[in-house]
Q: 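Submitted below is the structure of interest, expressed as structure tokens.
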Amino acid sequence: MMKQAVSVLLLLGIILEITGVAAIQLRFMPDPPTLNTYGTHRMNKSDNLDLTCRGRQRLLWSTPPTSTRLSTSDCSGSGLFCLTLTITNATVNETGQYQCYYKDLKVEDGKTAAGVYVFVHDSKVPFVPSEKEYEVVFIREGERVVIPCRGSVENLNVTLNTVRRILF
């Protein structure tokens, strides 16, 4: 009788452990946040833009590192969380990816986050200034180098010209 009780308890423990692992893997995942603008948005210098994000949990925005003309406001109501990001008097610095995501969850596009890429066109400034200004880029043979070059206009045709100099 004692052996049967121990066996039942052992079996019950295994079932509870398997159920717990399954519950963790199948934990509740809310619907992804929704935006009022998706994909790509094109706007002109000095324009304003409101990007509104709605979801079932607390929300945050990630923005391009060069953006400075931004503000956020809470628009929550009707059982949903809502956060509006406003770009005021835009410059090319606001060109880039804007992503709304759930604050307390791992950021996964289409699952816990939604994004839009914004181009701010200014015919006098075809390139978005880098977060860091590069005067010299050192390249070693055989190494891959990324030279940041973001255009403020979609489909901008850009050519990189190099100058070969060997300095001693």
Side-chain angles (χ1 to χ4, degrees), residues 19-139 143-161:
T19 305
V21 169
I24 289 170
Q25 291 175 350
L26 297 173
R27 69 178 180 261
F28 171 73
M29 184 65 71
D31 294 331
T34 58
L35 296 176
N36 63 331
T37 303
Y38 280 96
T40 303
H41 181 80
R42 294 154 201 86
M43 60 191 288
N44 292 315
K45 173 187 139 187
S46 301
D47 286 352
N48 299 329
L49 175 65
D50 286 329
L51 297 172
T52 300
C53 181
R54 288 181 169 76
R56 299 202 177 274
Q57 293 189 19
R58 292 188 312 184
L59 301 162
L60 289 177
W61 282 98
S62 67
T63 61
T66 54
S67 297
T68 58
R69 300 167 179 269
L70 308 174
S71 62
T72 58
S73 59
D74 188 338
C75 51
S76 298
S78 302
L80 287 177
F81 291 86
C82 181
L83 193 59
T84 297
L85 181 129
T86 301
I87 301 171
T88 307
N89 196 21
T91 68
V92 295
N93 288 336
E94 279 66 57
T95 296
Q97 180 73 25
Y98 291 81
Q99 189 174 47
C100 173
Y101 60 94
Y102 289 128
K103 180 180 179 187
D104 298 319
L105 297 176
K106 179 182 172 190
V107 177
E108 294 182 65
D109 199 34
K111 292 183 180 179
T112 61
V116 60
Y117 197 94
V118 175
F119 285 98
V120 180
H121 177 68
D122 181 347
S123 58
K124 294 180 181 176
V125 186
F127 298 104
V128 179
S130 295
E131 185 178 9
K132 302 174 191 171
E133 287 299 320
Y134 297 94
E135 290 184 24
V136 177
V137 177
F138 294 100
I139 302 173
E143 287 187 14
R144 182 179 173 178
V145 175
V146 176
I147 300 173
C149 179
R150 289 189 301 145
S152 65
V153 179
E154 192 176 13
N155 301 323
L156 187 64
N157 189 6
V158 177
T159 303
L160 176 64
N161 293 314

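Values reported hereafter were calculated over all heavy atoms of this structure, with side chains retained and with hydrogens, waters and symmetry mates removed.
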Q: Work out which heavy atom in M43 is nearest to a heavy atom in A90; give both atom names and the distance.
A: CE-CB, 3.6 Å
Q: Does D74 have any salt bridge (Lys or Arg N to Asp or Glu O under 4.0 Å) partners at least two apart in sequence or in another chain, and if so, which?
A: none
Q: How long is the straight-line distance from CG of N48 back to CZ of R69, given to the nearest 0.5 Å?
A: 10.0 Å
Q: Kindly give the heavy-atom pair with the smallest separation between P64 and Q97, and that separation in Å.
A: CD-O, 3.4 Å
Q: If you define the side chain from C-beta out and look only at heavy atoms, does anything of L83 sit under 4.5 Å from R54?
A: no
Q: With a 4.5 Å heavy-atom cut-off, do T52 and L35 have their side chains touching?
A: no
Q: Search all heavy atoms of C100 against all heavy atoms of P33 and return the closest pair with its distance.
A: O-CG, 4.0 Å
Q: Testing the basics here: between A113 and V107, what is the closest heavy-atom pair and its distance to 0.1 Å?
A: CB-CG1, 3.8 Å
Q: Nearest 0.5 Å, please: how far is OG1 in T63 from CD in E94?
A: 9.0 Å
Q: Between atom CG of D122 and atom OG1 of T95, what is the distance when rounded to the nearest 0.5 Å?
A: 9.0 Å
Q: Quick one: closest heavy-atom pair of N89 and S46, and the distance?
A: OD1-CA, 3.2 Å
Q: Enter the distance from T72:OG1 to L51:CG here, rounded to the nearest 0.5 Å.
A: 12.0 Å
Q: With a 4.5 Å cut-off on side-chain heavy atoms, are V153 and P126 touching?
A: no
Q: Which value, rounded to the nearest 0.5 Å, describes the distance between R150 atom CZ and T66 atom OG1?
A: 5.0 Å
Q: For the residue pair L85 and I87, establish whether any side-chain heavy-atom pair is separated by less than 4.5 Å.
A: yes
Q: With side chains defined as the heavy atoms from C-beta onward, is the minimum distance between V118 and V120 less than 4.5 Å?
A: yes
Q: Do T86 and D50 have side-chain atoms, one donor and one acceptor, less than 3.5 Å apart?
A: yes
Q: Can you tell if the side chain of L105 reaches within under 4.5 Å of the side chain of K111, non-hydrogen atoms only?
A: no
Q: Is the closest side-chain heavy-atom distance between L80 and R56 below 4.5 Å?
A: yes
Q: With a 4.5 Å cut-off on side-chain heavy atoms, are V158 and F127 touching?
A: yes
Q: Test of understanding: with salt bridge (Lys or Arg N to Asp or Glu O under 4.0 Å), list the residues that count as partners of R58, not counting sequence neighbours.
A: D104
Q: As a quick check of understanding, evaluate disulfide bond (SG atoms under 2.5 Å apart) for C82 and C75, giving each step before the final call.
A: CA-CA 5 Å; C82 181; C75 51; 1.8 Å; yes
Q: Is there a side-chain contact (heavy atoms from CB on, under 4.5 Å) between Q99 and D109? Walk through the geometry before answering.
A: CA-CA 9 Å; Q99 189 174 47; D109 199 34; 3.7 Å; yes
Q: Would you mind listing every ring-ring contact (aromatic ring centres under 6.0 Å, His included) that reaches into residues 87-120, with sequence neighbours excluded?
A: Y117-F119
